[in-house]
Amino acid sequence: MANIRIKIGLKCQENGDINYTTWKNPKTHTEKFEVKKYSPRLKKHTLHKEVKLKS
């Protein structure tokens with residue numbers, strides 16, 4: 001049985017940079033991933049939302 005995980009990027013909502021990447025299982029987590037992370041360009045914590053990455 002294979003792991004069905006996809007690679008996603010976390011995009012900053014204030015400046016549009018993709019600062020982080022992570023993995024998620026789309027069968028168990030169907031909603032979009034949102035988290036507050038540090039944005040190096042803005043030098044503060046901002047909201048980052050999930051975006052699809054090209055394989």
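What you see is a predicted model; the values in this text were computed from it and never measured. Heads up: numbering here begins at 1 and tracks the sequence.
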Joint cluster assignment, L47 & Y20, ILVMFWY side-chain distance < 4.5 Å: no
Closest heavy-atom pair and its distance - T30, P26: CG2-O, 3.6 Å
Trace of the side chain to side chain contact (heavy atoms under 4.5 Å, CB included) decision for L10 with F33: CA-CA 8 Å; L10 296 176; F33 189 66; 3.5 Å; yes
Closest non-hydrogen atom pair between G9 and I18, with its separation: CA-CG2, 4.0 Å
Pairwise salt bridge (charged side-chain N to carboxylate O under 4.0 Å, His left out) hits with a residue in residues 21-32, at least two apart: K24-E50
Side chain to side chain contact (heavy atoms under 4.5 Å, CB included) assessment of N19 paired with H48: CA-CA 9 Å; N19 296 321; H48 285 68; 3.1 Å; yes
Contacts of H45 that satisfy ring-ring contact (aromatic ring centres under 6.0 Å, His included) - sequence neighbours left out: Y38
Any pair counted as salt bridge (charged side-chain N to carboxylate O under 4.0 Å, His left out), so long as it reaches residues 8-21, sequence neighbours left out: E14-K44, D17-R41
Within-4.5 Å side-chain heavy-atom neighbours: V51 and I8: no
Counterpart residues, salt bridge (Lys or Arg N to Asp or Glu O under 4.0 Å), relative to K49 (two or more places apart): E34
By side chain to side chain donor-acceptor pair (under 3.5 Å) - contacts of R5 (at least two apart): none
For T21, all residues meeting side-chain contact (heavy atoms from CB on, under 4.5 Å), sequence neighbours excluded: K7, L53
